[in-house]
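What follows is a single structure, written as structure tokens, with notes after it.
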Protein chains: 2
Amino acid sequence: MPVAGILLVEDDPSVRTALELALTRQGHSVTSYATGEEALDHVRSRRPEIAILDVMLPGIDGVEVCRRIRRLDQLPVILLTARGDDLDVVVGLEAGADDYVVKPVEPRVLDARIRAILRRAESATSDRISFGDLVIDRGALKVSLAGKEIHLTPTELRLLLELVRHPGQVLNRRYLLRVVWDHTHVADSRLVDACVQRVRAKIEPRPAEPVFIHTVRGFGYRFSPP
Amino acid sequence: MPVAGILLVEDDPSVRTALELALTRQGHSVTSYATGEEALDHVRSRRPEIAILDVMLPGIDGVEVCRRIRRLDQLPVILLTARGDDLDVVVGLEAGADDYVVKPVEPRVLDARIRAILRRAESATSDRISFGDLVIDRGALKVSLAGKEIHLTPTELRLLLELVRHPGQVLNRRYLLRVVWDHTHVADSRLVDACVQRVRAKIEPRPAEPVFIHTVRGFGYRFSPP
DNA sequence: GTTCCGTGTCATGAAACTGTGACATCTCGC
DNA sequence: GCGAGATGTCACAGTTTCATGACACGGAAC
């Protein structure tokens, strides 16, 4: 795994120092700033591999920094949001963030997310990803199973792609509703379940015993290759 | 450290046997083949955790096997190359190998490389913590003991995660009721105890003498690794 | 208009989960 | 050793959660 050049933006000095220290210990090379302006300069001149932005910043806030970074570069971005601030998540993802992490964050968790995203960014050069018989072509938006092409509807495809984006991770229904469907939906609904069933019916050899999309009772669904 | 399912491909029977024996002794589970074709079949059907490929093979050579494995899966690959053959190394890394080892190889060295790569692969996708034999993956919401996956129900999992979040600290029943259950529960019941008992039954080798979740009489429970 | 497709909702039944309370067992102070 | 209080153990039924299939609605294609 490559040692990453990380750009960290966090205005609280104690949090910033703590994170910088922790990430350095994990083997990353970190540069940190307190404001978005400095960070944007850094992106332009130094080309870091990944940016970690606190959402609440003086001056330009983290989401706006994320948006401007997107205009400059394909740099992966992780947003740090205050606990339970759902709105931030929606806006952040819309601004093009690759992931978000709720503060206070454990260094171990942040490190895991960084590595996952870097790995994802690495493998994103090839638009095709395969899990055994299942091949997903993200460029052509085509899915095939054992060489045979499978037709997925737009919603089904978005759901599958979102699950595949986080292989092995459990994604809960609220998150899926927000990301796969648009913003405001009734929380209590079996909509996600129904869509998962539809995808399973198409990609699972035996939908009753799924090998790709697993149900995690009480939490959500997890994509993990057989 | 997890016991790895290793796929070994080496056409020289004496080298193959020697390596297989050595790796098995180090605690790995090894399957070996003499040709790339058999190996690819194995990857498709059995999903090993890591592949070790000799570069010089009859039929499809090791580098090509590596390339094809890459198309199938994100499986880590170690290439075995003959001494001093620089060209192989470059080609091998281009084919997507994670590491290469020069023959003749000392089992101890090979084992170290294997463990390093597995550790990397492990921490790359998910955040997990381990306490001895007990491994808790908070991203995948999976718990395993001595490599064997353990199924916990939602409440059991929430309880365990809460205890693990505060290792070494005593958490009282009122606190656990509030955090793990929804605050609307009577303080005086055997609820917490029953749930702790259920978790113990699953993760403790000998539930009667717990090594993970300890009872602190009069106060509550404490998670502390053995 | 009609037809077809995509999608959200709902009813149903099966399976899994969980609170409860009775009772057993343990621990500690005496 | 005894007793009281604390904790462990267990079974079971009510509840929750999910899979499944049917259905209705709206929009796009024709």
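Being a predicted model, the structure only gives us computed values, none of them experimental. Labels below follow one simple rule: chain letters A, B, ... track the order of the sequence lines, proteins then strands, and each chain is numbered from 1.
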* Look at all strands and tell whether A:Ala194 reaches a base, only sugar-phosphate, or nothing, counting heavy atoms closer than 4.0 Å. =>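 Base contact - A:Ala194 has a heavy atom under 4.0 Å of at least one base atom.
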
* To do: For B:Pro207, answer base if it contacts any base atom (sugar-phosphate contacts may also be present), sugar-phosphate if it contacts only those atoms, and nothing otherwise; contact means non-hydrogen atoms under 4.0 Å.
  =>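 Nothing, no heavy atom under 4.0 Å.
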
Does the side chain of [X] get closer than 4.0 angstrom to OP1 or OP2 of [N] through an N or O atom?
X        : N      : answer
A:His151 : C:dC5  : no
B:Thr153 : C:dA16 : no
B:Trp181 : C:dG19 : yes

* Asked: Between B:Leu159 and B:Leu152, is any pair of side-chain heavy atoms under 4.5 Å apart?
  ->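 No, their side chains stay 4.5 Å or more apart.
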
How many whole angstroms separate atom [atom1] of [X] from atom [atom2] of [N]?
X        : N      : atom1 : atom2 : result
A:Leu191 : C:dC10 : CG    : P     : 11 Å
B:Glu209 : C:dC26 : CD    : P     : 11 Å
A:Arg158 : C:dG6  : CZ    : P     : 13 Å
B:Glu156 : C:dG19 : CD    : P     : 10 Å
B:Leu177 : C:dG19 : CG    : C1'   : 11 Å
B:Gln197 : C:dC23 : CD    : C1'   : 14 Å
A:Leu159 : C:dG8  : CG    : P     : 11 Å

* **Under 3.5 Å donor-acceptor pair, B:Arg190 side-chain atoms to C:dT20 base atoms** =>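 Donor-acceptor pair under 3.5 Å: no.
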
* Taking N and O atoms by type only, does the side chain of B:Arg198 place a donor or acceptor under 3.5 Å from a partner on the base of C:dG19? ->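 Pair found.
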
* To do: Identify the 5'-most and 3'-most nucleotides of DNA chain D with at least one atom closer than 4.0 Å to a non-hydrogen atom of chain A.
  =>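 Terminal contacting nucleotides, 5' to 3': D:dT17 to D:dA22.
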
* Quick one: CD on B:Glu156 to CG on B:Leu161, what's the gap to the nearest 0.5 Å? ->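 One finds 12.0 Å between CD of B:Glu156 and CG of B:Leu161.
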
* B:Phe219 atom CZ, over 12 foreign heavy atoms within 6.0 Å ->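 Not buried by this count: 12 neighbours or fewer within 6.0 Å.
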
* Asked: Is the NZ atom of A:Lys142 crowded by more than 12 outside heavy atoms at less than 6.0 Å?
  ->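 Counting neighbours around NZ of A:Lys142, 12 or fewer heavy atoms of other residues, nucleotides or ligands fall under 6.0 Å, so no.
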
* For B:Val211, does its backbone N or O pair with a side-chain atom of B:His214 as donor and acceptor, under 3.5 Å? ->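 At least one qualifying donor-acceptor pair exists.
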
* Asked: Under 30°, 30 to 60°, or over 60°: which ring-plane class applies to B:Phe212 and B:Phe223, parallel, tilted or perpendicular?
  ->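 The rings of B:Phe212 and B:Phe223 lie parallel, inter-plane angle below 30°.
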
* Check the side chains of B:Glu38 and B:His42 for a donor-acceptor pair under 3.5 angstrom, ignoring hydrogens and angles. =>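 Side-chain D/A pair, B:His42 to B:Glu38: absent.
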
